[in-house]
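Worksheet for the structure shown next.
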Amino acid sequence: MMDAWISRRIECCFFLLLVFIRSVCTQEGFVSIACCANQNFTEPNTTIAWVSDDGWFHERTNCSNISRPRENGYDRARIFDIESGRRCYSLKTTKDRDYLIRGTFLVHKSEQPQGSSFDVQIGVIPLGVVNPSDDLVLEGIFGATNEYIDFCLAKNKGDLFISKLELRPLDNDLGYLQGNSSGVLKVVKRVDLGNNGEEDVRYPDDQYDRIWRIPDPQTISPLSSKRSSNISIYNANVTVPAKVLQTAVAATDLLQIFHNDLDTGDYNYTVILHFLELDDSVTVGQRVFDIYINSNKRGASFDILATGTKYARLALNFTANGSLNLTMAKVPNAFDVGPICNAYEILQVRPWVQATNQDDVGAIMKVRDELLGHNKEIGLWDGWSGDPCLPPPWEGLTCSTSNGFSVITGLDLSKRKLQGPLPPSIIELAYLTNLNLSHNHFKGEIPAFYASSMLISVDLSHNDLIGLLPLSFTSLPHLKILYFGCNPNLTKDPKTSFNSQSYMTDSGACGGSQKSRRSTSRIMIGTIASGSLLITVGTIFACFYRRKYVGRGKYDKKWSPKMKNAVFSLPSITDVPLKAITIQAFTLQYIEAATQKYKTLIGEGGFGSVYRGTLTDGQEVAVKVRSSTSTQGTREFENELNLLSAIRHENLVPLLGYCGEHDQQILVYPFMANGSLQDRLYGEAAKRKALDWPTRLSVALGAARGLTHLHTFAGRSIIHRDVKSSNILLDHSMCAKVADFGFSKYAPQEGDSGASLEVRGTAGYLDPEYYSTQHLSAKSDVFSFGVVLLEIVSGREPLNIQRPRNEWSLVEWAKPYIRESKIDEIVDPSIKGGYHAEAMWRVVEVALACIEPFSAYRPCMADIVRELEDALIIENNASEYMKSIDSLGGYSLAGSNRFSIVIPPTLPQVEPSPINTQALAPPEPR
């Protein structure tokens, strides 16, 4: 008897040891954070080991017990009562591995301000919004692109709070992200359909700790019934827990699943269906059914057993607005075996957001760590988490946009009582223009900045710095202001001198520095005022010139006749003479002379700086010089040179010449007197000049013609890949010219894979299908051009996260208004009353067709040109009609000689992709 008892004890201990080993092994990589926990603990039901978040936020005064009782589960929350900004948990990851991340938000009190909410972000991508009215769990799936991920709570109104945070590594072959490592999927639903209401299924049943929820009976059609079986599963590819697959719901003819709680707005989703045949008597070809999503057939004659095993997984992509109707219907005349489903997952594709330049992120993280080492008590660092430039940026930082990325251009840590050495990594902030570390207690020497530094203003005064002022300051090409006074132990090298006409400096003096700065401020203000006067005079002259030749009339807002009898004469493009242009190889000496050694900077781009110059024949030019810090290189330089050597068109910016001496890469173009379309719509105030509607329409048509010429180019179609308003330039006569061909590529031909090794484009304009599939086509340019059309109509930028959340994306903001025939809500206020309704509707319809999520439904550029031509004819005929009324004594607001347009000859025929204007047409009358 004793021997048997000992034997059972040994078996029991051995079993518990195996359970422990299995638990430890399968939990490898798990991060389970119980916010504000008093100590680490292991959850009995799941054996998951939880740790407190003291390692992230050690302050205990912002911890709270949950006031409402809970039968099971955690009952603590960490609260962040901050004025603005975000708080982030930075978690270690393995690069190129997929992860599941889950946050639990237990409402800690009911006295939140009305309308309280905060955003939850995975990195920079928004996952969801927490409204403190009920408990919430937000879960996402992402691919790690770095060695860490930030899970952030971003302030809107009210407190930020969180109770639990979980990170779980996934096997990449689960196929959630389908190779899109930069995307994020929000887990909307994960349902164990056959669960009888016992409890949710999670770890250890699911080795990845996915939580399979109990189904809501109201979401499943009442004619269905639950099935269960202990059938064995012999399939190495099955990753769904057996406990989930061994139950199901089935129906005789029709199985339906409803969800009316999806997010409103057009979002892309993936639904993953899991099937296991529970009836051993069913054979191949007997259980066959069709699958519909929102009445669209997405799977025909689906047979679980056709895979060769009893288990099948099916992933379907779809777009929905607020609801999902998933229907499985038995195929007519099939065997008397209806559809069955065991489990499903609904995943929402979250909108992509451009992150800060990664070099800048790495540099500012180093700066933070270097400062933190000597200033742990400073309360600044908790807010220095997450993406540094994601609005609102870190306190003390100023960010701008360069080549589609956010970059750090300003660092102001003055009067923070900081001590220790100056952080050496400051010199790695390549785009930094303004640095202010004054009125602190910094010690040690000043690091030497690189010669490529963009610094314009540096203030290191009122510290305890020692040693020599670096000679490198005198060689910084853009530096205009340097203060270093009130550093008693800092000396200036006798060799260091400052030209008073070039630098504003206190020369190291302590007493007079403030007076010097006030004087400098007056000088700078006077200079700016003088410049503004010149700009104003120039603007008045340009407006007078424009009015003389074009006209500035506006239409009566209520007038909208049908133009059936109007007549308008259109000249041919062959009547317009084209200047022959030969590409020249310029010497570096010639370029420096033409630009007066790069005297006048007129722009910055991803390739480098752009300077204004004049050739010896008097022609004004724009000279684009590649910078040493450019993210673009020889490939883009040669790409543009080769392409523009072979192609010419009235609406493409021509290349006049280039220079390749001494490793320089310089391109020379004609100077575009009216800047870019972006400048005119919403750019800097000094460049922004109101464009009336006919001018906007003409610009759109010109750009469309240029792109059509690229897409239909003899020999092989060319895809621009970076269509945006800043790449549409306007010459002295407001003729639109498409520019910047550094990313252009030949379109894939038959036999090509179509996959692009590098997805190129700009946030807000990037074709979502191209981004997700990496398959390039001319329709990618069409999507981007659709965004440009919306910019032209609305006067808004394509992406602005300073606006309310539902207005971040121009495309997503405008779509509902267009579909509800409320275009007045999106039209730029500056042109309201100044357009013909029919012409505006044609442009809006074209834009909506261009931004279809799937490229197959978008028109080609040739179709777009024809629609815009019609719109411009309608607009100009309206003007002629108003003038005729005026000549008869009627009242008209239209000016004379408003506009003249040019219609090109018949374009080369391409495969048509007609715009369904009937489906998009607004209700009558307009």
Side-chain angles (χ1 to χ4, degrees), residues 141 174-180 183 185-193 215 219-221 223-224 237 240 245 248-277 284-309 311-335 337-350 767-773 775 779 852-858 916 919:
I141 296 172
L174 290 175
Y176 281 115
L177 294 170
Q178 301 176 357
N180 181 16
L185 299 176
K186 177 182 178 181
V187 179
V188 180
K189 305 286 180 184
R190 185 180 287 118
V191 179
D192 175 10
L193 275 170
T219 63
I220 307 172
S221 54
L223 297 178
S224 61
N237 294 324
V240 180
L245 292 179
V249 292
T252 304
D253 295 300
L254 201 66
L255 175 60
Q256 289 183 296
I257 298 170
F258 309 95
H259 285 287
N260 294 318
D261 54 353
L262 272 61
D263 290 342
T264 55
D266 290 330
Y267 285 94
N268 293 325
Y269 292 87
T270 297
V271 59
I272 303 175
L273 305 173
H274 299 278
F275 304 96
L276 182 70
E277 180 53 69
V284 176
Q286 291 186 330
R287 194 187 297 277
V288 181
F289 50 92
D290 295 330
I291 301 174
Y292 297 82
I293 294 180
N294 292 341
S295 302
N296 296 316
K297 184 184 289 188
R298 299 302 308 278
S301 300
F302 179 76
D303 186 350
I304 300 172
L305 299 178
T307 61
T309 65
Y311 170 76
R313 174 186 183 273
L314 184 63
L316 300 172
N317 299 324
F318 65 99
T319 301
N321 183 348
S323 62
L324 166 67
N325 181 349
L326 176 63
T327 301
M328 285 161 269
K330 186 178 74 171
V331 173
N333 303 320
F335 284 82
V337 183
I340 188 173
C341 188
N342 305 71
Y344 65 91
E345 301 169 85
I346 304 174
L347 310 170
Q348 183 190 85
V349 181
R350 297 303 296 162
D767 172 14
E769 186 179 86
Y770 171 39
Y771 177 74
S772 61
T773 66
H775 281 261
K779 296 298 183 68
E852 280 286 338
F854 301 104
S855 62
Y857 299 116
R858 300 174 200 153
N916 187 357

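When side chains are defined from C-beta on, Ile293 does not count as touching Asn325, because their heavy atoms never get closer than 4.5 Å. You'll find the side chain of Asp263 reaches within 4.5 Å of the side chain of Lys186, heavy atoms only. Side-chain contact check for Met328 versus Phe275: some heavy-atom pair is nearer than 4.5 Å. Residues Glu345 and His274 are in side-chain contact: their nearest non-hydrogen atoms beyond the backbone lie under 4.5 Å apart. When side chains are defined from C-beta on, Arg298 does not count as touching Leu326, because their heavy atoms never get closer than 4.5 Å.
Contacts of Val187 classified as side chain to side chain contact (heavy atoms under 4.5 Å, CB included), with partners at least two apart in sequence or in another chain: Glu139, Ile141, Arg190, Leu347. Not counting sequence neighbours, the partners of Ala320 by the side chain to side chain contact (heavy atoms under 4.5 Å, CB included) test are Leu262, Tyr269, Asn294, Phe318.
Atom OH in Tyr344 sits 10.5 Å away from atom CG in Asp192 (nearest 0.5 Å). The CG atom of Asp261 sits 4.0 Å away from the NZ atom of Lys189 when rounded to the nearest 0.5 Å. Put simply, CG on Leu185 and OG1 on Thr270 are 6.5 Å apart, with the number rounded to the nearest 0.5 Å. Here CG of Leu174 is found 7.5 Å from CZ of Arg313. Values are rounded to the nearest 0.5 Å.
Taking all atoms of both residues into account, the shortest heavy-atom contact from Glu852 to Arg858 is O-NE, 2.8 Å. Contact record, Ile340 with Phe289: O-CZ, 3.9 Å, taken as the closest heavy-atom pair. Closest approach of Lys779 to Ser855, counting heavy atoms only: NZ-O, 3.4 Å. Across all their heavy atoms, Asp266 and Thr319 have their closest contact at CB-CG2, 4.2 Å. Between Phe302 and Ile304 the shortest heavy-atom distance is CE2-CG1, 3.8 Å. Residues Leu193 and Val249 approach most closely at O-CG1, 3.5 Å, considering heavy atoms.
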Counting only pairs under 3.5 Å, give me each side-chain donor-acceptor contact of residues 251-258, with atom names and distances, residues two or more places apart or in other chains.
from: Asp253; atom 1: OD1; to: Lys330; atom 2: NZ; distance (Å): 3.4
from: Gln256; atom 1: NE2; to: Thr327; atom 2: OG1; distance (Å): 3.3

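A donor-acceptor distance shorter than 3.5 angstrom exists from the side chain of Asp290 to the backbone of Ser301, with no hydrogens or angles considered.
For the side-chain contact (heavy atoms from CB on, under 4.5 Å) with Leu316, the qualifying choice from Ile291, Asn296, Ile272 is Ile291, the only one to do so.
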